[in-house]
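Scroll down for the structure; my scribbles are underneath it.
The chains referred to below are lettered A, B, ... by the order of the sequence lines, with proteins before strands, and numbering in each begins at 1.
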Amino acid sequence: QAIDVAVASNFMAAAKALQADFEQRGVHRINLVAGSTGKHYAQIINGAPFDIFLAADRRRPQLLEQQGRAVQGSRFSYAIGQLVLWSAAENSVDDKGRVLDVGEFKRLAIANPKLAPYGRAAQQVLENKAALQGEYSSRLLRGENINQAFQFVHSGNAELGFVALSQLKTLAKNANGEIPGSHWVVPNDLYDPIEQQAVQLSDDPAASAFLRYLKSPAGQSVIAKFGYLLPVAGDT
Amino acid sequence: MDWLTPADLAAIWLTLKLAAVTTVLLLVVGTPLAWWLARSRLRCKPLIEALLALPLVLPPTVLGFYLLLLLGANGPLVSLFGEGAQLAFSFPGLVIGSAIYSLPFVVQPLQNAFTAIGQRPLEVAATLRASPWDSFWSVVMPMARPGVIAAAVLGFAHTLGEFGVVLMIGGNIPGKTQVLSIAIYDRVEALEYAQAHWLAAGLLLFSLLVLTLVYAVNRRSPLSVGVVK
Amino acid sequence: MDWLTPADLAAIWLTLKLAAVTTVLLLVVGTPLAWWLARSRLRCKPLIEALLALPLVLPPTVLGFYLLLLLGANGPLVSLFGEGAQLAFSFPGLVIGSAIYSLPFVVQPLQNAFTAIGQRPLEVAATLRASPWDSFWSVVMPMARPGVIAAAVLGFAHTLGEFGVVLMIGGNIPGKTQVLSIAIYDRVEALEYAQAHWLAAGLLLFSLLVLTLVYAVNRRSPLSVGVVK
Amino acid sequence: MTLDIKLAVRKGQFALDAEFVAPSHGVSALFGPSGCGKTTLLRAVAGLEPQAEGHCQIAGSHWQKPGFCLHTHKRLLGYVFQEPSLLPHLTVQGNLEFGLRRTSVDKQRVRFDESVELLGVEPLLTRSVADLSGGERQRVAIARALLTSPQLLLMDEPLTALDGASKREILPYLERLPGELNIPILYVSHSTDEVARLADHLLLMDSGRIIASGATSELLARIDLPLARSADAEVVIDAHVESQDIEYQLSQLAFAGGQLNVAGLLGGRQRVRLRIQARDVSIALQTPQRTSVLNCLRAQVLALQPLGESQVVVKLAVGDTPLLSHITRKSADDLELKIGMEVYAQVKSVAVLNPICHPEATQWP
Amino acid sequence: MTLDIKLAVRKGQFALDAEFVAPSHGVSALFGPSGCGKTTLLRAVAGLEPQAEGHCQIAGSHWQKPGFCLHTHKRLLGYVFQEPSLLPHLTVQGNLEFGLRRTSVDKQRVRFDESVELLGVEPLLTRSVADLSGGERQRVAIARALLTSPQLLLMDEPLTALDGASKREILPYLERLPGELNIPILYVSHSTDEVARLADHLLLMDSGRIIASGATSELLARIDLPLARSADAEVVIDAHVESQDIEYQLSQLAFAGGQLNVAGLLGGRQRVRLRIQARDVSIALQTPQRTSVLNCLRAQVLALQPLGESQVVVKLAVGDTPLLSHITRKSADDLELKIGMEVYAQVKSVAVLNPICHPEATQWP
Ligand SMILES: Nc1ncnc2c1ncn2[C@@H]1O[C@H](COP(=O)(O)OP(=O)(O)OP(=O)(O)O)[C@@H](O)[C@H]1O
Ligand SMILES: Nc1ncnc2c1ncn2[C@@H]1O[C@H](COP(=O)(O)OP(=O)(O)OP(=O)(O)O)[C@@H](O)[C@H]1O
Ligand SMILES: [Mg+2]
Ligand SMILES: [Mg+2]
């Protein structure tokens, strides 16, 4: 019997790799349920039969823990997302992000700052470029989540966009074996860390096993491959 | 085709089942409702008609959210009838959600079709010994056929395509409550565009086939020599 | 009310404008289409009817995705007609997206209403010197009024509530393409439930009012002494 | 056993308030000007006017009384609507069978083949009702109502869209029906011809009320009623066949008060109904000689009444049988007609209304 | 200037193939059994049968010819459908004004008030058409068609649902119309009475074809056609008023061949149309004495033909005017009638069909 893992949409690609690796190692099977973290949270509160919740932030797992919906003490950070300013066009984004200061673009895609941690992070980056703040807001395309922000850029509808590094990793490499287009990995000090936390929801042994795997070096190396930073051990 | 995973197959099957069951349920519930609306002279009828259109006004996810509150673990149903009454994250829950969301699309065409029939054919049927129940099946429904078809098609197609409500109260659990529309959506979200294209194209083709068939059959001469009884 | 931010107000205004413009556009486009469908004897009619129902079958977000590809910066329209033809992220783009998604809900009731009128009233009008165009306005439309109302209500309500398509091709730009449904949805996602409740309740109440009014007016005696001309 | 009906219903400005008793067999004709409420009355009897109040008792069974109202589909009636209301989603055959199938086999007393043939709808059976001509529709509607083998037949101007020949085929069939099925028919008609031929009982309506009700022969001859004063004034006489003249194909008929010759051979001692129109009766003071007028009856002048400026209605009695004559005032003066005077009534034309022999009826139109 | 029409159209099994020329003024009656194609012909003339082929020329203007077909709304016609087809979303007044508003003021030749009053629809103006009685609907439909002041009026059994009195009010109005508007009317009717009264020209139809076409008086008297052999056989005679008898309120009328007395005072030298039914004509060999029969005409036997077993149709000539008589075979033998014989035609009843005076018409029914 497979356990159900609610996974934040932005982490799906990595989660699939983890699933494959995990299932190959042991007897347990898992089922990935993609969705936005807000939706998953509402569903868990209202009785969704999920065993594990891989959230996109730390707030929702925290809330669940406070409300007694999660196995106490099971919460931990499993990945830290990295924000990237990306353009599908070559030479559009410089490696200092000066393109933002110049402001020569029509549309900039971000995830919704209210909903998605990547969105909030992007917002913080932009706020640092305070000079352009007022002007930006009407040029911001806001995807419901980081995936939609990515789609806007990928389909060429936005010249630029703040996306997750993990997304760029899944893209087919260009001729040089590099990420297509041009990008700027935003320095970590420009935004609060995008800490993604997991929490266990049922006492199914398979759930414990998967979480153990997630913390294990094997699991962590898969996560790292997808462009996430790894949390400092013991940080909750 | 490596993209038609078992989960996809399960999603297709679930989708068809959901759309079919929902359509049948909607016709079963919508028909008497539409009939009542078509015939009633109550002063509050406009209010009821407006109420029926309301599910449309809320974004499906939001509607789904409220349904989740209603049907979920903390909802009034569970507090009244106990654990067993939790309909969220189960097939019946999906059906209820889809049905509520698509109800207006079924009731409206039916109601208009019923209204258009008028009083006379029923009077005629009554003078020919047909009880109201009998007339309903042997006169009203056959005469309202275009409306019934429209209702079924809109209800079915809308259930196939909509996922906001289903996503919310179903939980998108592959093999259990993940329907095809969500599967496609997930593919798009996961940047697996090729697979999304294939699934979407398949869905479109299948729907085109079914709908064309329905419309073509509907078009056949509406005459029947025999009479139901 | 601290939750009715200026952005919310802008969203409300935009939503109403979008719903109104879309409904009008749908009636303008849907009416001749429905009329043609009601009268045509073409053999391929079932296919066309099925095609028209197809937008329903795709999940709105997916449909929006494809529309984005079509109307976006790299879409065929832009390559054909240049930059100016990029409709995505503009109000016209929103209107087109909503209109495509709601088209079946408008065409179906209209088509059924037109079919139900039959040939005779048109023949009568022709013998009374009314040109086909004239008859259409002075006979067909008044007689099809319940269908027109149903079409407008379904189209309007559906545009109010649906946001998948709009989100995708609109980009949720506050004050420009953010509509109310997305605003409510965002509140739910952001766990700002109280504000979501208020907005949803407001939307529902407003819609209830408008719809009740529409239905109540529709119910008034359908008789008119004067005749349009 | 009678039809005992008292029904009141308001429709906008119009109020129906009809009360009458009619025999529970034979045809009762409902006669009155356009808009007087005939259709409304029929609908109320059928239970199609939910607001109707009063009682409605048909041959002993209560269809409606205060506090009780049988639903239409439980009233064993057949209704031919004024506008032939065929069910548009069924073929002609589907329409005919609709009622038939809902009539239990042991109660079916009208044969499908016979009525279909008589009404000439056989070639139409597979047709869509939308394609039918006006007359065809009306015939299908009549056949459909008959096939339910009703206990009461309500017919609202059922023959209006039919040509003379069709009428002359269908009328005798309708005439025989009440006898064969032993049911009453309430029959709305604007045609005095149909009324005289079919009706045993006459109900005159005006402004929602029954203004006179009685045997047809009686009401037709009452010169205080509008009927006798209309251009179509006539009397009907019940008679029986006394003898025959085979060479000339004539029959002598006897009635209360005298004898009449009519063309055609009628079966011996058969009962027949005759119609004599007022304009076909002339008055002479002595027996006329050498004329083609076959019938000349001794009569007494019962009443005289002016009709417009130049005409006079004369009510005559031939024995016990009343006769009407419309003559010019000049003739009346020339002949010095007075009440009680003995005269000769010359009858130019006698119509035999019975089904078996219709000397006047030729094939077409 | 004529109506020159040749139209063919197939509808399922039925094929219309009608060709005729009719005068472009006055009433042309279309007469034929149910299902013979009368309605289809009218529809084709109105341009409502898109499949119809042939030509249709109305008083000089082409409505249809090969390769050209005017749309119905451009044909200046008025159409009274067989089933009164009022527009259900309009009131009575809305229906009446629908066509009126679409007729330019300078072409309006029918006064709203007058036609509304004559057809008795004044009290109905604000009513919903769904509530009307059958006769009321028919009257509204007629008024509506008239109000478009058409160049050709097509009327499909317009008077069927009307009672005698309404008919007698409306008929004279219709009779006057073609003269006043100077337009032709194509009039479908099953009633010989209406035909005789209204029609100058008669078109006999059967199975989709026109089997005879000609002046009414001519066709009515042709004993090779079914009309003369029907129970309603009759002739119409055009006459003019010769003199009057004021005391007795009688008029003497002169026609080609003789004189007739009719009740009522008719205006001096006025042209009138008379109808004499075959059953109202009897034959005598000598002038009858002391009878109420006013009219006795010298006539010659033109033709004799058996009618069924016991009757004979006799065609007489009174001067140039033909007359029909249905008498029994016995009478014919008694009188030893032969072709060419001189006889007296006793005319019991003459109906004056003109609008101004209707001696037969009383108020009701
Ligand atoms: N809903 C209504 N509101 C007002 N008047 C009505 C309504 N329904 C019927 N009437 C009137 O009632 C009268 C009687 O109608 P009904 O149909 O019974 O007449 P009828 O005797 O059958 O006439 P006809 O011979 O013309 O068919 C008519 O004058 C009609 O206009
Ligand atoms: N679509 C059709 N298919 C087959 N037959 C048809 C169709 N339409 C009409 N007919 C037939 O054509 C014939 C002529 O119809 P039409 O209505 O012209 O008759 P009509 O002379 O007006 O008869 P009535 O006096 O009964 O009104 C009828 O027998 C009718 O059944
Ligand atoms: Mg009536
Ligand atoms: Mg006809």
Could you look at E:Leu76 and say if it's the side chain, the backbone, both or neither that has a heavy atom under 4.5 Å from chain C?
both
Flag for E:Ser104-E:Asp106: side-chain donor and acceptor within less than 3.5 Å:
yes
Examine the side chains of E:Arg102 and C:Ser138 and answer whether a donor and an acceptor come within less than 3.5 Å of each other.
yes
Among C:Thr127, C:Leu128, C:Leu122, which has the most heavy-atom pairs under 4.5 Å with chain E?
C:Leu128
Between E:Leu87 and chain C, with a heavy-atom cut-off of 4.5 Å, which part of the residue counts as in contact: side chain, backbone, both or neither?
side chain
Any side-chain donor paired with an acceptor under 3.5 Å for E:Thr72 and C:Glu123?
no
Can you tell me which portion of E:Arg75 sits under 4.5 Å from chain C's heavy atoms? Options are side chain, backbone, both or neither.
backbone
Please work out which of the three classes, parallel, tilted or perpendicular, describes the rings of E:Tyr79 and E:Phe81, given edges at 30° and 60°.
parallel
